[in-house]
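Read the structure below first, then the notes.
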Number of protein chains: 2
Amino acid sequence: MDNRSVTALRRVDLARATGCNLETIRYYETVGIMPDPPRTAKGYRSYDDAHVRRLKFVMRSRDLGFSLEEIRGLLGLVDDRSQTCAQVQAVAEAHLEDVQAKIADLTRIERVLSETVARCTGDAAPECAVIDALLEA
Amino acid sequence: MDNRSVTALRRVDLARATGCNLETIRYYETVGIMPDPPRTAKGYRSYDDAHVRRLKFVMRSRDLGFSLEEIRGLLGLVDDRSQTCAQVQAVAEAHLEDVQAKIADLTRIERVLSETVARCTGDAAPECAVIDALLEA
DNA sequence: CTTGAGCCTGTATCAACTACAGACCGTAGA
DNA sequence: TCTACGGTCTGTAGTTGATACAGGCTCAAG
């Protein structure tokens, strides 16, 4: 039957539906990323499809490297679609620049590391290219 | 005369000589990355050029993305050069793979973000390409 | 009726720092 | 000599983004 998944989802169901860690859901609630969900008579959290969509949004944003602070901003724009698209664009563009800077950094690191490893003899020698590369400022 | 910098360095001098944050020096001491330095009669830490070199090594390694745990391993090999170069090479190679994986991830993110931002009109429209891209799982 | 899975809360832990409070010290200039 | 400033010390708390655990409650299947 499984029509439970259409409406009343338990926390573990939300976790499974989104791939989010169980504890992280509660964490997102305490930090205001996810809303306080309605509760059953016994105090159990009860989620629906809107929660699934929102949490997927959050997880996708996290996956793209947005901070929770940035996601809070994006969610505000999602919650109030009367805001301008330009604001969203600005956040995304700033983030894009961050990502590009990180790629540049890592590419430099990658070059240094691969060059260094290539110089390694693998011997039990007293000198070592990796150590030497790290020691030379 | 400034021949103080040749031998007895204060904590702030070590920080300036390496670009390391002042508090981080103390942190590295408590976590065993930097040795407990000798103290003056009044209990002030006293550093020398060997500390500068070691801290530069640590900072360079951090800059290349090695974790403190990995750096501890590298420092062990630096401190005891009788170890094999192959061990160092293994750490560096494992790390190189990490870095390459991170570059691949970020490149994917970069592509998604730049495509998304490009689709943005920047209008005060109720629809927004960034939000839509994030909403579609 | 028992068993296992899930729920609840609060709190602790992690990396790797960073910052602050409150007290002390050391030196250069007036 | 006094004072101001910049530096030092310790311990501890806060940061981000989770993750884990303890101890107790609940629910559904067999």
Side-chain angles (χ1 to χ4, degrees), chain A residues 1-5 8-34 36-48 51 54-55 57-75 95 98 102 105, chain B residues 1-5 8-34 36-47 51 55 57-75 95 98 102 105:
Chain A
M1 306 296 179
D2 207 5
N3 64 356
R4 185 193 59 197
S5 67
L9 299 159
R10 296 168 301 166
R11 191 150 59 103
V12 76
D13 297 324
L14 179 59
R16 283 170 190 159
T18 57
C20 186
N21 179 287
L22 192 64
E23 299 289 337
T24 303
I25 292 171
R26 198 157 63 93
Y27 170 71
Y28 282 162
E29 190 180 315
T30 66
V31 298
I33 288 285
M34 291 295 286
D36 290 13
R39 302 284 186 129
T40 67
K42 287 292 179 187
Y44 283 26
R45 287 170 182 82
S46 185
Y47 299 100
D48 61 22
H51 292 101
R54 191 185 183 91
L55 185 50
F57 176 99
V58 172
M59 296 194 70
R60 185 162 173 76
S61 301
R62 284 295 294 141
D63 190 44
L64 290 180
F66 288 94
S67 69
L68 288 187
E69 196 50 46
E70 287 170 323
I71 293 171
R72 246 184 286 270
L74 291 173
L75 284 170
H95 185 56
D98 280 1
K102 273 184 194 153
D105 283 354
Chain B
M1 306 301 175
D2 206 4
N3 64 356
R4 184 193 61 196
S5 68
L9 298 159
R10 297 168 302 167
R11 191 148 60 103
V12 77
D13 297 323
L14 180 59
R16 282 171 190 157
T18 57
C20 185
N21 179 289
L22 193 64
E23 299 289 337
T24 304
I25 292 170
R26 200 158 60 94
Y27 170 70
Y28 283 161
E29 190 180 316
T30 66
V31 298
I33 288 286
M34 290 294 287
D36 291 12
R39 302 286 186 127
T40 67
K42 286 291 179 186
Y44 284 25
R45 287 170 181 82
S46 185
Y47 299 100
H51 294 101
L55 185 50
F57 176 99
V58 172
M59 296 196 71
R60 184 162 172 77
S61 302
R62 285 293 297 140
D63 190 45
L64 291 179
F66 289 93
S67 69
L68 288 187
E69 197 51 48
E70 287 170 322
I71 292 171
R72 245 184 287 269
L74 291 173
L75 284 171
H95 186 55
D98 280 1
K102 271 183 195 154
D105 283 353

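Not measured: the values here are computed from a predicted model. Chain letters run A, B, ... following the sequence lines, proteins first and then strands; every chain starts at 1.
The minimum heavy-atom distance between B:A8 and B:S46, with the atom names listed, is CB-OG, 3.9 Å. Summarising the geometry of A:I25 relative to A:L55, their closest heavy-atom pair is CG1-CD2, 3.9 Å, with the distance given to 0.1 Å. Annotation for A:I71 and A:V58: closest pair CD1-O, 3.8 Å, computed over non-hydrogen atoms.
The nearest whole Å value for the distance from the OH atom in B:Y47 to the P atom in D:dG7 is 15 Å. Between the CD atom of B:E29 and the P atom of D:dG11 there is a distance of 11 Å, rounded to whole Å. In this structure, CD1 of B:I25 is placed 13 Å from P of D:dT10, rounded to the nearest angstrom. Computed from coordinates, the B:L22 CG to C:dA21 P distance equals 16 Å when rounded to whole Å. Atoms CG (B:L9) and P (D:dG7) sit 14 Å apart, rounded to a whole Å. One interatomic measurement links the two molecules: CD1 of B:I33 to P of C:dA15, which rounds to 12 Å at whole-angstrom precision. For B:I71 and C:dC17, the CD1 to P distance is 8 Å, given to the nearest whole Å. Rounded to an integer number of Å, the gap from CZ of B:R11 to C1' of C:dG26 is 16 Å.
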Step-by-step side chain to side chain contact (heavy atoms under 4.5 Å, CB included) determination, A:H51 to A:L9: CA-CA 9 Å; A:H51 292 101; A:L9 299 159; over 6 Å; no
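For the pair B:R39 and C:dC25, the criterion of a side-chain N or O lying under 4.0 Å from OP1 or OP2 is not met. Using a 4.0 Å cut-off, some side-chain N or O of A:R16 falls inside it from OP1 or OP2 of C:dG6.
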Protein within reach of the bases, or only the backbone? For nucleotides 16-27 of chain D, mark each nucleotide 5' to 3' as B, S or -, using heavy atoms under 4.0 Å. -BBBBB----SS
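Using a cutoff of 4.0 Å between basic side-chain nitrogens and carboxylate oxygens, B:E29 and B:R26 are not scored as salt-bridged.
Between A:R11 and A:Y47 there is a side-chain heavy-atom pair separated by less than 4.5 Å.
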